[in-house]
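Proteins come first, then strands; the chains are lettered A, B, ... in the order of their sequence lines, and each starts at number 1.
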There are 2 protein chains.
Amino acid sequence: MMEKEKRQQKILNLIGAKRVGTQQELTESLLRAGVFATQSSVSRDLEELGVVKQRGRYVLPQAARNGNGASAHGLLNLEAAGDALVIAKCEPGLASAVAVAIDRADVPEIVGTLAGEDTVFIAVREKKAQRSAIKKIWELLS
Amino acid sequence: MMEKEKRQQKILNLIGAKRVGTQQELTESLLRAGVFATQSSVSRDLEELGVVKQRGRYVLPQAARNGNGASAHGLLNLEAAGDALVIAKCEPGLASAVAVAIDRADVPEIVGTLAGEDTVFIAVREKKAQRSAIKKIWELLS
DNA sequence: CTTTCTATGCAGCAAATTTGCATAACCTCA
DNA sequence: TGAGGTTATGCAAATTTGCTGCATAGAAAG
């Protein structure tokens, strides 16, 4: 019902307001704020909201895009889409450079890349490959 | 069900093909075409399709009348592809503009966009997001 | 006013979504 | 490599949403 939306809003608030390290913590904070939810639901919410865990804490999606996340290569953010895509957001004009860097790295789970102005579509073989691909790319370009 | 979509398509065809003066007529024509529906449903369909009654007959909505649903922004059509992609067809050369507009809107379920000449690939997080993303984009750009 | 036509509240049904539980998968650190 | 902590997910139950027909209110035409 409206419950989900409210919960997700609170999650964003909480993450923005204080350091949150685990979904357990988040679940407890939510409860204190009057919203009951299981870790399962929190996990799904985070996925849906695009919240990612960086350096041991959960970070807001837009914060990840701007702020500190920028790498020397112009890579701002990495996110999974569906089963076989990873989307890289880059600083304007640098998408091609990022794509080239990724191609050069020859990551085995990556099938191909396609760059626009500030976005790269990265095709991976399957769902399983997404996470490790994201990890490797992030490592590579940061 | 798929039934509704089929029925609405037939309604548009019928209205385009011959003069239709009442919902009763439409209901009967539909039945002859193998689609049963009550006047209630027909009424709701017409509302939803944007069909209006003018000078005693139902006429196609503006978009359908001139054969292209072009919006002010050059967006022609939106369609889902697979679980995590939405494809936007645009007027030639306007794909980038459409993509930028979509990016600016910051629709949360959209992960990234990639524009060609007349097509934009729009990556969404998951299947569930497609529907709402399409709705929001269409709303935004029409 | 009467007749004809269209819109809508309501209830039932079907489909889709959301959720918790249990547990598998994964990660970190020693 | 294994233990312990953390996160993801298959499944079934619960909940919500969407679509429809029926009955009827409301509007338009004459």
Side-chain angles (χ1 to χ4, degrees), chain A residues 1-11 14-15 19-31 35-59 79-83 86 109 126-136 138-139, chain B residues 1-11 14-15 19-31 34-59 80 83-84 108-109 124-135:
Chain A
M1 114 122 179
M2 204 94 265
E3 200 57 15
K4 184 185 174 189
E5 200 178 335
K6 193 172 65 180
R7 188 181 62 235
Q8 293 192 345
Q9 188 52 56
K10 279 198 188 296
I11 287 178
L14 284 169
I15 289 177
R19 181 197 163 92
V20 179
T22 71
Q23 295 182 3
Q24 177 64 27
E25 261 177 74
L26 204 42
T27 302
E28 287 161 6
S29 297
L30 282 170
L31 191 53
V35 176
F36 172 80
T38 58
Q39 174 266 328
S40 303
S41 293
V42 170
S43 169
R44 291 171 180 130
D45 284 341
L46 292 174
E47 155 71 19
E48 204 166 313
L49 291 167
V51 173
V52 290
K53 199 170 185 176
Q54 265 175 21
R55 299 194 313 272
R57 61 175 297 175
Y58 287 102
V59 189
E79 249 185 280
D83 289 349
V86 174
E109 44 269 74
E126 46 170 355
K127 181 104 190 133
K128 281 186 167 184
Q130 274 182 328
R131 278 222 240 162
S132 57
I134 289 178
K135 206 165 181 178
K136 287 183 185 177
W138 195 258
E139 228 165 74
Chain B
M1 154 164 7
M2 203 85 257
E3 195 59 34
K4 186 186 172 188
E5 199 177 335
K6 192 172 67 181
R7 188 181 63 234
Q8 293 192 345
Q9 187 52 57
K10 278 197 190 296
I11 287 178
L14 284 169
I15 290 177
R19 181 197 163 90
V20 178
T22 73
Q23 296 181 4
Q24 177 63 29
E25 261 179 74
L26 203 42
T27 302
E28 287 161 6
S29 296
L30 281 171
L31 190 54
V35 176
F36 171 80
T38 59
Q39 173 265 326
S40 303
S41 294
V42 170
S43 170
R44 291 170 180 131
D45 284 341
L46 292 174
E47 157 69 18
E48 202 166 314
L49 290 167
V51 174
V52 290
K53 198 169 186 177
Q54 256 173 30
R55 297 193 311 274
R57 60 174 298 175
Y58 286 104
V59 291
D83 288 351
E109 45 269 75
V124 298
R125 237 175 276 289
E126 47 174 350
K127 181 134 196 84
K128 282 176 294 187
Q130 278 182 327
R131 198 183 252 252
S132 58
I134 290 178
K135 202 167 181 179

Next on the checklist: Check this for me: does any side-chain nitrogen of one of A:Lys4 and A:Glu48 sit under 4.0 Å from a carboxylate oxygen of the other?
Outcome noted: yes
Starting from [atom2] on [N], measure out to [atom1] on [X] and report it in whole angstrom.
X: A:Lys4; N: C:dG20; atom1: NZ; atom2: P; value: 12 Å
X: A:Glu3; N: C:dT17; atom1: CD; atom2: C1'; value: 15 Å
X: B:Gln54; N: D:dA28; atom1: CD; atom2: C1'; value: 17 Å
X: B:Glu5; N: D:dG18; atom1: CD; atom2: P; value: 16 Å
X: A:Arg57; N: D:dT7; atom1: CZ; atom2: P; value: 14 Å
X: B:Glu48; N: D:dG18; atom1: CD; atom2: P; value: 11 Å
X: A:Gln8; N: C:dT17; atom1: CD; atom2: C1'; value: 13 Å
X: B:Lys6; N: D:dC19; atom1: NZ; atom2: P; value: 16 Å

Tell me the closest heavy-atom pair linking [X] and [Y], and the distance in Å.
X: A:Val20; Y: A:Glu25; value: CA-OE1, 3.8 Å
X: A:Gly82; Y: A:Gln130; value: O-NE2, 2.9 Å
X: B:Ala129; Y: B:Glu109; value: CB-CB, 3.4 Å
X: A:Val59; Y: A:Val51; value: O-CG1, 3.4 Å

Item to check | Closest to the B:Lys128 side chain, choosing from C:dT17, C:dC27, D:dG21 | outcome: C:dT17
Next on the checklist: I want to confirm an ordering. Mapping A:Asp45 and A:Arg131 to their closest nucleotides on DNA chain C, which one lands closer to the 5' end?
Outcome noted: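 Result of the comparison: A:Asp45.
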Next on the checklist: Over all strands shown, is A:Lys127 touching base, sugar-phosphate only, or nothing at heavy-atom distances under 4.0 angstrom?
Outcome noted: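 Nothing, no nucleic acid heavy atom in range.
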Item to check | Modelled atom types, side-chain donor and acceptor of B:Glu5 and B:Gln9, under 3.5 Å | outcome: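 Checked: B:Glu5/B:Gln9 side chains show no N/O donor-acceptor pair below 3.5 Å.
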Is the side chain of [X] donor-acceptor paired with the backbone N or O of [Y] at a distance under 3.5 Å, no angle test?
X: B:Arg19; Y: B:Gly56; result: yes
X: B:Thr27; Y: B:Gln23; result: yes
X: A:Lys53; Y: A:Gly21; result: yes

Distances for protein N/O vs nucleotides 2-8 of chain C N/O pairs under 3.5 angstrom?
residue : atom : partner : partner atom : Å
C:dT6   : OP1  : B:Lys53 : NZ           : 2.9
C:dT6   : OP1  : B:Tyr58 : OH           : 2.5
C:dT6   : OP2  : B:Gln23 : N            : 2.7
C:dA7   : OP2  : B:Gln23 : NE2          : 2.8
C:dA7   : OP2  : B:Ser43 : OG           : 2.9
C:dA7   : N7   : B:Gln39 : NE2          : 3.0
C:dA7   : N6   : B:Gln39 : OE1          : 2.9
C:dT8   : O4   : B:Ser40 : OG           : 3.2

Checklist entry - Quick one: bend of the helix from C:dC1-D:dG30 to C:dA30-D:dT1 from 5 pairs per end, to 10°? => result 50°
Checklist entry - Taking OP1 and OP2 of D:dC22, is either one under 4.0 Å from a side-chain nitrogen or oxygen of B:Thr38? => result no
